[in-house]
Amino acid sequence: MKPTPSQRRRGPRVALLALFLCSLLVPLAFIFDRAPSGYATTEERRRQEVFLPSVHPVEQIGGGGGAVHRVPVHGARQDPPKKVSNGSTGVLQHHNHTEHRSSGVSAKPKVLPVPRTEPPKAVKEPTQIEVGEERKRRDKGAKEDEMENAKACQLEFGSYCLWSTEHKVIMKDLIVKRLKDQLFVARSYYPSIAKLQGQEVLTQDMKQNIQDHERILSASAVDADLPSSINTKIEQMEHTIARAKACTVECHNVARKLRQILDMTDDEAHFHMKQSAFLYNLGAQTLPKTHHCFSMRLTLEYFKSPTLDSDVSLARKFNTPNHRHYVILSKNVLAASVVINSTVISSKEPGNNVFHILTDAQNFYGMKYWFARNSYNKAAIDVVNYEEMVLKKLPKLSTHELYLSEEFRVLIRSNERPTEQTRMEYLSLFSHSHFFIPEIFKDLKKVVVLDDDVVIQRDLSFLWNLDMGDKVNGAVEFCGVRLGQVRNLLGKAKYDPKSCAWMSGVNVINLDKWRKHKVTENYLMLLKQVKIKDEVALREAAFSISLLSFQHLIYPLDERLTLSGLGYDYGIDPEVARSSASLHYNGNMKPWLELGILEYKKYWRRFLTREDRFMDECNVNP
């Protein structure tokens, strides 16, 4: 049946009415937040654009208001962020990737409820105190390692390690350092690259670059000596190393090669250290060329000059016990001169002082000429040829050579102090020659024995007023070393393990008590028990025999009398040095040597004779 005209006209009317109702309902739905799924409001879209807080460092790679931050995620493949085509630019949107099952019809995007996001909790940063404590712990560990290395170095090389540490030269040639670093890396990769198939060109390039670096470093030790094309060489090596790192190699092979290079470098450094230590000891034990020239010139002048007439009034004092007698063993003219000059200047009664210098035949005439032409404030000076005197009075001795005070480096291992398991101590003791002083000066009753590396800063006249009782040797005790700690060096002899060691430098000797206790005879008896093969063995035996010979015969002097260590210790307080009665430069770094510690040389040079013709000619005074 065909529709009537009125029915045909009703259809469009219904459609228009439906459209009108929809136009009213849809805005109302948006107003009351009841949009159908598939639509999102502007506020929802804004709330969806939220970045999750990241625990990784953020690297900014842009600038301005539209900066982009790249957040590296380690250990996971990160999909590239997608841009949102909603009119906003420069913003990354966090996406939830969900798996959609394919049904042939594209599913409409469903808007999930926006999760409640709380602001990320602030990560507690370490405070300055915590950072300071961590730095202190790290510095403390590094300092402990440095101290252990220093102890090991001193055990092998002695005071050379103290000197080398103080004179360490920091490498300032950065280009040379970079060349060496590149060379080490290239050498570590080269064996692995050479084994790879298809890398013949890279292998040849790396070999050529290694040879070029070796050739440059063999001819250049500082940046100033490098050729003008060095920057090109560095870039070529850098490019070659980058190509090598891009290849797939066995890491353990590279690490093993690096360890081999490190071991070789350590061996080479140790070899050079041994050479340096040898030259250091040679310089410490050898008289400087200027001083040798000075001594030879004095000896030559002695034989060229007419007979030197000595003052008879001063010569009478040599064997008179009423005066204050000092005995100095020395082979160095200037060293003995400083000891005498400092003692006389510091003395309240310089005319009452008598100095006896025991020297060897080589330096006897030079010393005799020097002290004959220089006066020391009416003090009497007697120069004795020790070798000739001992040969005359003790002809049966196996050796008549003059030995100065012996210096020893002692390593103490302590089980009582876990934090200080080992420590190094330096001692100076009487030598073989000291034990014959009573035989040389039979008319004297008391003497003060001075080492030739001593500087006197106070009057020592009170030493003759000491009541030492039955003791023989007045010395400063050094209880840092006790006999029980060095029992392996003392042999089978009987001794008190709690007895302290003592130091030479300034020693008060009661010659009457010495003869009474037969110290020289006991020394010779102990010497027979030691197998003396040569001069080195005789000097080494001085440590044990000196300590045993004076056991229970030491009169302890005030430790403030002598400040020791100025020949090796860089940490002495200048105020303590100035206030001490005497300074002892025991150690290898004597004040007249170039190796001497500069801060302490001024105390010695203050008493050095100036404006002497022979000193100027031999350039003794720089």
Side-chain angles (χ1 to χ4, degrees), residues 51-64 66-83 90 92-95 97 138 142 170-269:
F51 293 99
L52 297 182
S54 174
V55 297
H56 300 287
V58 179
E59 179 185 358
Q60 184 170 340
I61 59 174
V68 182
H69 294 77
R70 182 172 63 228
V71 183
V73 180
H74 304 286
R77 183 178 179 272
Q78 188 175 5
D79 294 331
K82 299 180 180 179
K83 290 185 179 180
L92 298 183
Q93 184 176 9
H94 173 73
H95 291 269
H97 297 283
R138 184 168 61 251
I170 299 176
M171 187 175 182
K172 298 181 180 179
D173 300 287
L174 300 181
I175 300 179
V176 172
K177 184 178 183 299
R178 186 178 180 186
L179 288 173
K180 292 180 178 179
D181 292 342
Q182 287 185 333
L183 185 59
F184 287 160
V185 175
R187 284 174 174 173
S188 63
Y189 272 95
Y190 178 75
S192 299
I193 298 297
K195 296 178 182 179
L196 297 178
Q197 297 292 334
Q199 297 294 339
E200 290 79 9
V201 177
L202 177 58
T203 302
Q204 184 62 31
D205 292 345
M206 183 168 284
K207 181 179 179 181
Q208 183 63 42
N209 288 330
I210 290 175
Q211 291 176 349
D212 291 344
H213 271 48
E214 290 176 342
R215 191 180 305 109
I216 292 173
L217 290 174
S218 64
S220 306
V222 294
D223 290 353
D225 297 337
L226 294 173
S228 58
S229 61
I230 189 61
N231 291 330
T232 304
K233 298 293 183 182
I234 291 177
E235 292 177 0
Q236 291 176 353
M237 176 64 90
E238 198 70 33
H239 180 63
T240 303
I241 292 175
R243 291 165 57 194
K245 289 182 178 180
C247 298
T248 303
V249 296
E250 296 291 340
C251 293
H252 66 273
N253 290 336
V254 178
R256 184 172 64 248
K257 185 61 178 179
L258 276 173
R259 283 194 295 269
Q260 292 177 356
I261 296 174
L262 179 61
D263 292 340
M264 292 173 59
T265 305
D266 288 342
D267 293 341
E268 185 178 359

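One-based numbering along the sequence shown.
Heavy-atom minimum distance, Lys233 versus His213: O-CE1, 3.7 Å. In this structure, Leu258 and Phe184 approach most closely via the heavy-atom pair CD2-O, 4.2 Å. Here the closest heavy-atom approach between residue Leu202 and residue Cys247 is recorded as CD2-SG, 3.8 Å. Nearest heavy-atom pair, Val176 versus Val222, reported as atom, atom and distance to 0.1 Å: CG2-C, 3.6 Å. Of all the heavy atoms in Asp223 and Leu174, the pair that sits closest is OD2-N, 3.2 Å. Taking all atoms of both residues into account, the shortest heavy-atom contact from Tyr189 to Met206 is C-SD, 4.2 Å.
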- [ ] Before giving the answer on side-chain contact (heavy atoms from CB on, under 4.5 Å), spell out for Gln236 and Thr232 the whole-Å C-alpha distance, their side-chain angles and the decisive distance to 0.1 Å.
- [x] CA-CA 6 Å; Gln236 291 176 353; Thr232 304; 3.6 Å; yes
- [ ] Take Arg256 and Glu250, measure what side-chain contact (heavy atoms from CB on, under 4.5 Å) needs, and give me the verdict at the end.
- [x] CA-CA 10 Å; Arg256 184 172 64 248; Glu250 296 291 340; over 6 Å; no
- [ ] Could you walk me through whether Leu226 and Asp173 pass the side-chain contact (heavy atoms from CB on, under 4.5 Å) test, one step at a time?
- [x] CA-CA 10 Å; Leu226 294 173; Asp173 300 287; over 6 Å; no
- [ ] Before giving the answer on side-chain contact (heavy atoms from CB on, under 4.5 Å), spell out for His239 and Arg243 the whole-Å C-alpha distance, their side-chain angles and the decisive distance to 0.1 Å.
- [x] CA-CA 6 Å; His239 180 63; Arg243 291 165 57 194; 3.4 Å; yes
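Proximity of a side-chain donor or acceptor of Ser188 to a complementary backbone N or O of Lys257 within less than 3.5 Å is not detected.
Partner of Glu214 under the side-chain contact (heavy atoms from CB on, under 4.5 Å) criterion, chosen from Leu217, Ile216, Ile210: Ile210.
Between the OG1 atom of Thr240 and the NZ atom of Lys207 there is a distance of 14.5 Å, given to the nearest 0.5 Å. Atom CG in Leu196 sits 8.0 Å away from atom OG1 in Thr248 (nearest 0.5 Å).
Note on Asp181 versus Lys177: salt bridge recorded, some NZ/NE/NH1/NH2 to OD/OE distance being below 4.0 Å.
With hydrogens and angles left out, the side-chain atoms of Gln208 and Asp212 include a donor and acceptor closer than 3.5 Å. Judged by distance alone, the side chains of Asn253 and Ser192 never bring a donor and an acceptor atom under 3.5 Å apart.
The shortest side-chain heavy-atom distance between Asn209 and Ile241 does not fall under the 4.5 Å cut-off. Between Arg178 and Glu238, some side-chain heavy-atom pair lies under the 4.5 Å cut-off.
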